[in-house]
Amino acid sequence: MKAPSLKAGVIGAGAWGTALAQTLAADGRHVRLWALEPEVVAAVNGDRQNPLYLPHIPLSASIEATGDMAAMADRDLLLIVSPAQHLRTVVAQAPAGTPLVLCSKGIEAGTSLLMSEVAMEAQPTSPIAVLSGPTFAHEVARGLPTAITLACADAALAAKIAGRIARPAFRPYLSDDVVGAEIGGAVKNVLAIACGVAEGAGLGLNARASLISRGFAEMTRFGLARGARAETLAGLSGLGDLVLTCSSTNSRNFSLGKGLGEGRAASDLLANRRTVAEGAFTAPVLREAARAAHVEMPVVEAVCALLEDAAPLAQVMDALLARPLRAE
């Protein structure tokens, strides 16, 4: 007898949350999408679109939007897609005991906790999984081929979740390295800012390639210090996501860095943004966590200096290029 399908819900109706709801509903199964903004609820239910966060994508008729968190109580599975610094508050409001798939990428300010650690504190009875990888929301929503990492300590639960979310063009690869999957997703956002800076400043493709490779070395050092496995960091949720977000202005973090490289102030670039460039919030938290773990992350330090207007770009570049020569 075929196992009953998990009733899925998505908490967070930004671009990524809406794209995930669209993917989950692609076979006609009902998906409930929780949105903070009443206008998003109205647009999804009435017009079958989310013009605020994911314009020009017709949404499935089997997506039901709601602004009532209590309406998520009948779900067997919840994908959490809130901004990283709000995840604790959102998870605390979610129904207790329901398996949670964390789709936010970041490290919590003030605690240096990964999202899975935050969720376990906020909802200790809820099983936790992490979804991470190279995923531009508009491509996923359009059904373009995508592969992601689904990390969960419980292999049986991971298999159930994978069976619910997998589609012909949306392929999850399973892992039990939750820490590795999370660190890749958090660190790559900061490194994408650095690559955007190189683009905005006209430093060339050689510089971008150097930042990607040396940034990946930083990601690996930090990940290993936090208990991640090297093969996870070299996979979809680490290197794969890093290459994607360091290569296109479709990445909010890359776009932020490009503005910095063009000489615009971080405060101006971050003001009144509707969408969140997670790397801007993760960078100072990552810097402090790396220092506490005695891990050198000079690219991350440079990004922090630019975000804090602590030094002009030329000075930050000179400092990076003047570092002592060393073995790779």
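All values below come from the heavy atoms of this structure, side chains included, with hydrogens, waters and symmetry mates left out.
Inter-residue side-chain proximity for Thr66 and Leu33 is flagged as unmet; no heavy-atom pair is nearer than 4.5 Å. You'll find the side chain of Asn189 stays beyond 4.5 Å of the side chain of Arg252, heavy atoms only. The closest side-chain heavy-atom distance from Leu24 to Leu79 is below 4.5 Å.
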Check: residues 222-232 side-chain donor-acceptor pairs under 3.5 Å, at least two apart:
| residue | atom | partner | partner atom | Å |
| --- | --- | --- | --- | --- |
| Arg226 | NH1 | Ser112 | O | 3.4 |
| Arg226 | NH2 | Ser112 | O | 3.1 |
| Arg229 | NE | Glu231 | OE2 | 3.2 |
| Arg229 | NH1 | Asp176 | OD1 | 3.0 |
| Arg229 | NH2 | Asp176 | OD1 | 2.8 |
| Thr232 | OG1 | Asp177 | OD2 | 2.6 |

Please set out all donor-acceptor pairs under 3.5 angstrom arising from side-chain atoms of residues 142-162, sequence neighbours excluded.
| residue | atom | partner | partner atom | Å |
| --- | --- | --- | --- | --- |
| Thr146 | OG1 | Leu144 | O | 3.1 |
| Asp154 | OD1 | Ala156 | N | 3.0 |
| Asp154 | OD1 | Leu157 | N | 3.1 |

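Through direct or indirect side-chain contacts shorter than 4.5 Å among Ile, Leu, Val, Met, Phe, Trp and Tyr, Leu244 is connected to Phe136. Members clustered with Val91: Ile11, Trp34, Leu36, Met69, Met72, Leu78, Ile80, Leu87, Val90, Leu100, Leu102, Leu113, Met115, Val118, Met120, Ile128, Val130, Val178, by chain and number, using a 4.5 Å side-chain heavy-atom cutoff among hydrophobic residues.
Listed by first and then second residue, the salt bridge (Lys or Arg N to Asp or Glu O under 4.0 Å) pairs that reach into residues 42-63 come to none, sequence neighbours excluded. Residue pairs meeting the side-chain hydrogen bond (donor to acceptor under 3.5 Å, both in side chains) criterion with at least one partner in residues 50-61, sequence neighbours excluded, are Thr18-Asn50, Glu37-Tyr53, Ser60-Ser62.
When the salt bridge (charged side-chain N to carboxylate O under 4.0 Å, His left out) test is applied to Arg167, the partners found at least two apart in sequence or on another chain are Asp27. With sequence neighbours excluded, no residue satisfies side-chain hydrogen bond (donor to acceptor under 3.5 Å, both in side chains) with Ser132. For Arg221, there are no salt bridge (charged side-chain N to carboxylate O under 4.0 Å, His left out) partners two or more places apart in sequence or in a different chain. Considering only residues two or more places apart in sequence or on other chains, Gln93 meets the side-chain hydrogen bond (donor to acceptor under 3.5 Å, both in side chains) condition with none of them. For Glu308, the salt bridge (charged side-chain N to carboxylate O under 4.0 Å, His left out) criterion is met by Arg287, not counting sequence neighbours. Partners of Asp76 according to the salt bridge (charged side-chain N to carboxylate O under 4.0 Å, His left out) rule, which considers only residues two or more places apart in sequence or in another chain, do not exist here.
Taking 4.0 Å as the cut-off between side-chain N and carboxylate O, Arg32 and Glu64 count as a salt-bridged pair. Salt-bridge formation is detected for the pair Arg291/Glu301: a Lys NZ or Arg NE/NH1/NH2 atom is positioned less than 4.0 Å from an Asp or Glu carboxylate oxygen.
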Item to check | Residue pair Glu218, Arg214: steps toward the salt bridge (Lys or Arg N to Asp or Glu O under 4.0 Å) verdict | outcome: CA-CA 6 Å; Glu218 294 186 18; Arg214 295 313 305 159; over 6 Å; no

Next on the checklist: Apply salt bridge (Lys or Arg N to Asp or Glu O under 4.0 Å) to residues Arg323 and Glu296 and explain how you reach the verdict.
Outcome noted: CA-CA 12 Å; Arg323 286 176 53 79; Glu296 278 192 310; 3.7 Å; yes

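Residue Arg208 qualifies as enclosed at atom CZ: its count of foreign heavy atoms under 6.0 Å is above 12.
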